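What you see is a predicted model; the values in this text were computed from it and never measured.
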Amino acid sequence: MIFTNKHVIVAMLVAPILAIFAWFGMDMMVAETPFEPIAGETYQLVEKPNCRWASGECELKNNNFEVRITAADSGGGQRDVVLESSHPLKGVKFAVFQSAPETIDRESEPADMQSLDQNGQKWGLIIEEPRSELARFRVAIKADESLFFGETSTTFMWPEKKD
């Protein structure tokens with residue numbers, strides 16, 4: 001009986017369309033607009049969810065600047081860490097520390113990663129395997145004249161320990 005009323009039928013057809021337009025309209029009004037990095041400024045990289053489990057890779061992102069870090073066993077208690085970037089980089093520093101930054105020991109001082117390709121988008125480093133699964137790492141990246149930094153756990157470095 002209710003579906004025989006033409007006003008109800010029109011309302012049921014128009015309401016979802018209006019909701020979709022409202023969703024996109026609100027996004028256009030309040031969304032943060034992306035901008036190019038300003039020379040000399042510092043920007044934080046945010047970890048993606050794959051950094052939280054033994055996935056074998058970790059992605060860090062800020063707007064359209066993304067880096068992907070992978071770690072493989074290189075034998076003898078060492079890990080081969082490779083960083084791939086969406087943009088050419090001028091330099092990368094990498095440090096591993098145990099749980100709290102205040103407890104950084106001598107062997108976890110920041111190390112310079114070496115460029116593995118001509119365009120500066122792939123960098124590598126061999127590190128001592130972190131002693132604890134609670135260990136974390138920090139990365140500082142120089143791209144153009146801007147500095148990007150990020151921090152995350154080292155849990156992703158052990159895909160071979162998956163159950």
Handout entry: Working for salt bridge (Lys or Arg N to Asp or Glu O under 4.0 Å), residues Glu128 and Arg79
Key = CA-CA 6 Å; Glu128 292 295 321; Arg79 305 295 286 178; over 6 Å; no
Handout entry: Crowding at CD, Gln118 (>12 non-hydrogen neighbours, <6.0 Å)
Key = no
Practice task
Could you label the plane-to-plane angle of the Phe156 and Phe137 rings as parallel, tilted or perpendicular, counting under 30° as parallel and over 60° as perpendicular?
Solution key: perpendicular
Exercise for the section: For the residue pair Glu47 and Thr152, confirm or rule out a side-chain donor-acceptor distance under 3.5 Å. Expected result: yes
Handout entry: Val82 and Lys122, any side-chain heavy atoms less than 4.5 Å apart
Key = yes
Handout entry: Full working for side-chain contact (heavy atoms from CB on, under 4.5 Å) between Leu83 and Met113
Key = CA-CA 9 Å; Leu83 181 142; Met113 294 186 92; 4.0 Å; yes
Handout entry: Side chain to side chain, Val46 and Asn62, heavy atoms closer than 4.5 Å
Key = no
Practice task
May I ask you to test the Glu41-Tyr43 pair for a side-chain heavy-atom distance under 4.5 Å?
Solution key: yes
Fill in the blank from the handout: dist Ile69:CD1 -> Cys58:SG (nearest 0.5 Å) comes out at 5.5 Å
Handout entry: Closest non-hydrogen atom pair between Ala95 and Pro110, with its separation
Key = CB-CA, 3.8 Å
Problem - Straight-line distance of Trp123 CH2 to Lys93 NZ, nearest 0.5 Å - result: 11.0 Å
Exercise for the section: May I ask you to decide whether Glu84 forms a salt bridge with Arg68, counting only side-chain N to carboxylate O separations under 4.0 Å? Expected result: yes
Exercise for the section: Determine whether Val81 and Thr70 make a side-chain contact, defined as any pair of heavy atoms from C-beta on separated by less than 4.5 Å. Expected result: no
Handout entry: Single-linkage hydrophobic cluster Trp23~Met29, side-chain heavy atoms < 4.5 angstrom
Key = no
Handout entry: Minimum heavy-atom distance Ser115-Gly120, with the two atoms named
Key = OG-CA, 4.0 Å
Exercise for the section: Report yes or no: does Asp27 contribute a side-chain atom to a donor-acceptor pair with the main-chain N or O of Ala31 at less than 3.5 Å? Expected result: no
Practice task
Over all heavy atoms of both residues, which pair between Val67 and Leu45 is shortest? Give the atoms and the distance, please.
Solution key: CG2-CD1, 4.2 Å
Practice task
Decide yes or no for Val92 and Asp112: does some side-chain heavy atom of the first lie under 4.5 Å from some side-chain heavy atom of the second?
Solution key: no
Handout entry: Pair Asp144 + Lys90: basic N to acidic O under 4.0 Å
Key = no
Problem - Asn63 side-chain N/O to Phe65 backbone N/O, donor-acceptor pair under 3.5 Å - result: no
Practice task
Would you please test Asp80 and Ile127 for side-chain contact (heavy atoms from CB on, under 4.5 Å) and show each step?
Solution key: CA-CA 7 Å; Asp80 186 19; Ile127 62 168; over 6 Å; no
Problem - Shortest non-hydrogen contact between His87 and Asn64, atoms and distance - result: CE1-O, 3.2 Å
Problem - side-chain contact (heavy atoms from CB on, under 4.5 Å) assessment of Phe97 paired with Glu151 - result: CA-CA 10 Å; Phe97 61 91; Glu151 177 182 319; 3.6 Å; yes
Problem - Thr42 vs Phe149 side-chain heavy atoms within contact, under 4.5 Å - result: yes
Exercise for the section: May I ask you to decide if Leu60's main-chain N or O and Glu66's side chain share a donor-acceptor pair within less than 3.5 Å? Expected result: no
Problem - Test item: Ser153 side-chain N/O and Arg136 main-chain N/O as donor-acceptor pair under 3.5 Å - result: no
Practice task
Of all the heavy-atom pairs spanning Pro88 and Asn119, show the shortest one and how long it is.
Solution key: CB-O, 3.4 Å
Handout entry: Heavy-atom closest pair, residues Gln78 and Asp73
Key = O-OD1, 3.3 Å
